[in-house]
Amino acid sequence: MRAEREGDGPLLEARSISKRFGGVQALQQVSFRLHAGEVLALAGDNGAGKSTLIKCISGVYHPDEGEVLYKDRPVRLEGPRQARELGIETIYQDLALADNLDVGANVFLGREPATRRFGILPAIDRRRMRAAAREVLKTLEIEIPPSKLTLPVRTLSGGQRQAVAIGRAIYWQASVLIM
């Protein structure tokens, strides 16, 4: 645990989050604070609400009660894209990768850079995406052979696929990384 400095508020905070699905109370009055540089573990039995809480703070679900604060400001996340724009990246157990796309395309999924061919025709800049993917994997000290970077991610090992998902969050400079 790190010592708090005066004026050093939490990066992400959940206050009294509750969520129901019909007659099932999935979360009841859950609160936590996460400061920059901290690692926070969430543990519990199956059905305890861990995934529901993660989905509430990553914009998938709206809490029925309570609030989420990001950098001391209340936020109502209208979806995962808004959470990502704030700097909250979530890596789900299934990794949420597009199996038919290569590593670079997965790092940029939904945020593909464009270039112009012949100065007029818009096109996805695949060369830039692959170069950025190589760099972020190098930063993480992940070894994926260059020949595999152009293949669909379904051809990668489980660990390599996980590295791609983490690399995506690192590339986009997430301030909160939820795994």
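In this text, all values refer to a predicted model and were calculated from it rather than measured experimentally. Worth knowing before you read on, the calculation uses all heavy atoms, side chains too, and leaves out hydrogens, waters and symmetry mates.
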Could you go through residues 164-177 and list every donor-acceptor pair under 3.5 Å that involves a side-chain atom there, pairing it with any protein atom two or more places apart or in another chain?
| residue | atom | partner | partner atom | Å |
| --- | --- | --- | --- | --- |
| Arg168 | NH1 | Asn106 | O | 3.2 |
| Arg168 | NH2 | Leu95 | O | 3.4 |
| Trp172 | NE1 | Val107 | O | 2.9 |
| Ser175 | OG | Tyr70 | OH | 2.4 |
| Ser175 | OG | Gly87 | O | 3.4 |

Side-chain polar contacts of residues 129-146 - donor-acceptor pairs under 3.5 angstrom, sequence neighbours left out - could you list them?
| residue | atom | partner | partner atom | Å |
| --- | --- | --- | --- | --- |
| Arg130 | NE | Asp102 | OD2 | 3.0 |
| Arg130 | NH2 | Asp102 | OD2 | 2.7 |
| Thr139 | OG1 | Glu135 | O | 2.9 |

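Atom CZ of Arg126 sits about 12.0 Å away from atom OG1 of Thr150, to the nearest 0.5 Å. A distance of 9.5 Å separates OG of Ser31 from CD of Glu67, quoted to the nearest 0.5 Å.
What you find for Thr52 and Lys19 is that their closest heavy atoms are CG2-CG, 3.8 Å. Contact detail for Ala98 and Val153: the closest heavy-atom pair is O-CG2, 3.4 Å. The shortest non-hydrogen separation linking Gly66 to Ile17 is C-CD1, 4.0 Å. Looking at every heavy atom in both residues, Arg161 comes nearest to Leu156 through CD-O, 3.6 Å.
In terms of modelled atom types and a separation under 3.5 Å, the side chain of Lys50 and the main chain of Gly44 share a donor-acceptor contact. The backbone N or O of Ala123 lies less than 3.5 Å from no partner atom in the side chain of Thr115, so there is not a single donor-acceptor pair. A donor-acceptor pair under 3.5 Å links the side-chain atoms of His62 to the main chain of Leu77, judged by distance alone. With hydrogens and angles disregarded, no donor-acceptor distance shorter than 3.5 Å links the side chain of Glu65 to the backbone of Pro63.
The stretch residues 83-92 participates, sequence neighbours left out, in these salt bridge (Lys or Arg N to Asp or Glu O under 4.0 Å) pairs: Glu89-Arg111. Note on residues 124-148: no pairs pass ring-ring contact (aromatic ring centres under 6.0 Å, His included), not counting sequence neighbours. Annotation: ring-ring contact (aromatic ring centres under 6.0 Å, His included) contacts involving residues 135-155, sequence neighbours excluded, are absent.
Under the 4.5 Å side-chain heavy-atom criterion for ILVMFWY residues, a single connected hydrophobic cluster contains both Leu34 and Ile88. No continuous path of ILVMFWY side-chain contacts below 4.5 Å connects Leu109 to Ile124, so the two sit in separate hydrophobic clusters. Under the 4.5 Å side-chain heavy-atom criterion for Ile, Leu, Val, Met, Phe, Trp and Tyr, Phe21 and Val60 are members of the same hydrophobic cluster.
Applying the side chain to side chain donor-acceptor pair (under 3.5 Å) rule to Gln160 yields the partners Ser157; only residues at least two apart in sequence or on another chain are considered. Under the rule for a ring pair (Phe, Tyr, Trp, His ring centres under 6.0 Å), Phe118 has no partner lying at least two apart in sequence or in another chain. Applying the side chain to side chain donor-acceptor pair (under 3.5 Å) criterion to Arg116, with sequence neighbours excluded, gives no partner residue. Taking Ser18 as the reference, Gln29 meet the side chain to side chain donor-acceptor pair (under 3.5 Å) condition, with sequence neighbours excluded. Under the side chain to side chain donor-acceptor pair (under 3.5 Å) criterion, Ser58 pairs with Tyr92, not counting sequence neighbours.
In this structure the side chain of Phe32 reaches within 4.5 angstrom of the side chain of Ile57, judged on heavy atoms. Between Leu11 and His35 the shortest side-chain heavy-atom distance does not fall below 4.5 Å. For the pair Ser16 and Val30, the minimum side-chain heavy-atom distance is 4.5 Å or more.
The hydrophobic cluster analysis finds Val39 isolated: no Ile, Leu, Val, Met, Phe, Trp or Tyr side chain comes under 4.5 Å of it, directly or through other members. Annotation for Leu69: hydrophobic cluster partners, listed by chain and number, are none (ILVMFWY side-chain heavy atoms under 4.5 Å, direct or chained).
When the shell of 6.0 Å around CG of Asn100 is examined, it contains more than 12 heavy atoms from other residues, nucleotides or ligands.
Exactly one of Ile91, Leu42, Thr90, Ile54 qualifies for a side chain to side chain contact (heavy atoms under 4.5 Å, CB included) with Met179. That residue is Ile91.
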